[in-house]
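Okay, so here's the structure we're looking at.
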Number of protein chains: 2
Amino acid sequence: MSIRHSLLALLQDRPRYGYQLRIEFEDRTGSSWPLNIGQVYTTLDRLERDGLVQKDGADGEGHIIYSITPAGLAEVGDWFQAPVGRANPPRNELAIKLALALTLPAVDVGGLIQAQRAVSIRALQEYTKSRRDAAVNPRPADMAKLLVLDSLIFQTEAEVRWLDLCEARLMQLTGPA
Amino acid sequence: MSIRHSLLALLQDRPRYGYQLRIEFEDRTGSSWPLNIGQVYTTLDRLERDGLVQKDGADGEGHIIYSITPAGLAEVGDWFQAPVGRANPPRNELAIKLALALTLPAVDVGGLIQAQRAVSIRALQEYTKSRRDAAVNPRPADMAKLLVLDSLIFQTEAEVRWLDLCEARLMQLTGPA
DNA sequence: ATGGGGTTTTTCAAGGAGGAAACATGGGCA
DNA sequence: TGCCCATGTTTCCTCCTTGAAAAACCCCAT
């Protein structure tokens, strides 16, 4: 659901065409969440169907330009207005996996935690490196990318600490060996 | 992609039917991520199509029982084996929203952060309360739910701290007022 | 029995997401 | 000039997800 609103937000700035929207989305979010190009066009179709954007015909190079409508402006305003709902947080595959592993015999939970921890630590290092690289030129335009990286770093740190807690709990369960 | 494997994991334990799978999934993950019932059946269809489960006919009450096949066992084994990939982390709507808000004029980023922070703090309190309630009877069976709650708590804490960082950065940008 | 109201269980149709092919275009190089 | 490769741009097809309806069943008051 956030793609829909993200595209609207970009169109709020000025009219654009599909490919351009993808480029700008990825640029502004630091390419952390690659946006499938197919999704851009299907989303634009739906936005047009719902009267939130309109085709402006083609520009000089033949690109199909979309611009936001008043209804679209209202919708994107609402989106920025309302906080992100916490009603149904996105599924956390790792947490699900671990929860299921715990309730099932025949799964090496300890090993799973170890393996996962290694992966997370490595990711953390990469994020931190990217962040250092990105921080050398703190132009306001790069601020967004920095914040996205910070977000990933914080989330990953939390994940590592959670894995440590899981491990401690596990020890406690299986008895202090 | 994790639903598919979660269902396989449950079937690894013993054969079950659709509705039962949903109940058990939600029970083991503490209902934190509600599982749409329609998805259970369509996923079972695909799993059968791919030869990972098979229909066992009906049980006494007429339920269509599914059981896991050797191929399915192999697949779920692989799933538990392999760490959760970090190649494309799920999109973080909050981070996207804030990143876009920063690059767009006409959005009250400060207000957005404040509002979001309030929501996160409230969620954190609720999770913590649930956790306390769940922790009174630490049967091993409840361990999974506890860990899931811990995960949510850690993630939400990280989110709050990230929001604080964002706010500090914002101040720094707009100049110390 | 019976029929109304709730719960359990399944199916259906529509919408969203993603991968990969298809189409265009422009610039280097024989 | 004309070929070819890299890049930009769009479409298409499939799979997955969701919401809501439908079907079956059970329980209890009439």
Side-chain angles (χ1 to χ4, degrees), chain A residues 1-8 10-11 15-27 29 31-53 55-66 75 79 85 87-93 96, chain B residues 1-8 10-11 15-27 29 31-53 55-66 75 79 85 87-93 96:
Chain A
M1 254 322 49
S2 55
I3 298 306
R4 179 183 171 94
H5 290 113
S6 298
L7 296 189
L8 275 181
L10 289 173
L11 289 176
R16 300 175 210 263
Y17 56 92
Y19 188 80
Q20 202 177 13
L21 284 167
R22 172 166 100 144
I23 299 297
E24 301 222 5
F25 177 88
E26 297 210 341
D27 191 47
T29 55
S31 315
S32 301
W33 301 290
L35 176 53
N36 186 296
I37 182 61
Q39 200 176 343
V40 173
Y41 291 99
T42 54
T43 303
L44 280 173
D45 285 346
R46 286 191 293 262
L47 285 171
E48 188 186 18
R49 179 202 59 192
D50 298 342
L52 304 181
V53 308
K55 280 198 178 104
D56 275 1
D59 70 353
E61 284 94 17
H63 302 141
I64 303 159
I65 301 290
Y66 287 86
E75 170 118 359
W79 184 58
N88 28 0
R91 292 198 187 94
N92 182 337
E93 175 162 0
I96 291 176
Chain B
M1 259 317 55
S2 54
I3 298 306
R4 178 184 172 94
H5 291 112
S6 297
L7 297 189
L8 275 180
L10 289 173
L11 289 176
R16 300 174 209 262
Y17 57 93
Y19 189 80
Q20 202 178 12
L21 284 168
R22 174 166 100 144
I23 300 298
E24 302 222 4
F25 177 88
E26 297 210 342
D27 191 47
T29 55
S31 313
S32 303
W33 302 289
L35 175 54
N36 186 297
I37 182 61
Q39 198 175 346
V40 174
Y41 291 98
T42 54
T43 303
L44 281 173
D45 286 344
R46 285 190 294 263
L47 285 171
E48 189 186 16
R49 178 201 60 192
D50 298 343
L52 304 181
V53 308
K55 279 197 178 106
D56 275 2
D59 70 353
E61 284 95 18
H63 303 140
I64 302 159
I65 302 289
Y66 287 86
E75 171 119 358
W79 184 59
N88 28 1
R91 291 200 187 90
N92 182 336
E93 176 162 0
I96 291 175

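Reckoned from all heavy atoms, side chains included, excluding hydrogens, waters and symmetry mates. Chain identifiers are assigned alphabetically (A, B, ...) following the order of the sequence lines, protein sequences preceding nucleic acid strands; residue numbering begins at 1 within each chain.
Consecutive pairing runs in DNA chain C reach the stem threshold at C:1-30 with D:1-30, where a stem means at least three Watson-Crick or G-U wobble pairs with distances under 3.5 Å.
Interatomic distance, CD1 of B:I96 versus CD1 of A:I3, reported as 5.5 Å (0.5 Å rounding).
Between B:I64 atom CD1 and C:dT9 atom P there is a gap of 12 Å when expressed in whole angstrom units. Whole-Å rounding puts the B:Y17 OH to C:dT11 P distance at 14 Å. Rounded to an integer number of Å, the gap from B:R22 CZ to C:dT9 P is 11 Å.
The salt bridge (charged side-chain N to carboxylate O under 4.0 Å, His left out) search around B:D27 returns B:K145, not counting sequence neighbours. Under the rule for a ring pair (Phe, Tyr, Trp, His ring centres under 6.0 Å), B:F25 has no partner lying at least two apart in sequence or in another chain. Taking A:D50 as the reference, A:R4 meet the side chain to side chain donor-acceptor pair (under 3.5 Å) condition, with sequence neighbours excluded. Partners of A:W79 according to the side chain to side chain donor-acceptor pair (under 3.5 Å) rule, which considers only residues two or more places apart in sequence or in another chain, are B:E93. With sequence neighbours left out, the ring pair (Phe, Tyr, Trp, His ring centres under 6.0 Å) criterion links A:Y41 to no other residue. B:I64 is linked by a side-chain contact (heavy atoms from CB on, under 4.5 Å) to B:K55, B:Y66, counting only residues two or more places apart in sequence or in another chain. With sequence neighbours excluded, the residues forming a side chain to side chain donor-acceptor pair (under 3.5 Å) with A:D56 are A:S67, listed by chain and number. Scored by the salt bridge (charged side-chain N to carboxylate O under 4.0 Å, His left out) test, B:R16 finds B:D13, B:E24 as partners (sequence neighbours excluded).
Along DNA chain D, read 5' to 3', the first and last nucleotides having any atom under 4.0 Å from a heavy atom of chain A are D:dG8 to D:dT18.
The phosphate of C:dT11 (OP1 or OP2) has no side-chain N or O of B:Y41 nearer than 4.0 angstrom.
Counting only heavy atoms from C-beta outward, the side chains of A:L21 and A:T43 never approach each other to under 4.5 Å.
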| said: One character per nucleotide, please: for nucleotides 13-25 of chain C, 5' to 3', B when the base has a protein heavy atom closer than 4.0 Å, S when only the sugar-phosphate does, - otherwise. | reply: ---BSBBB-----
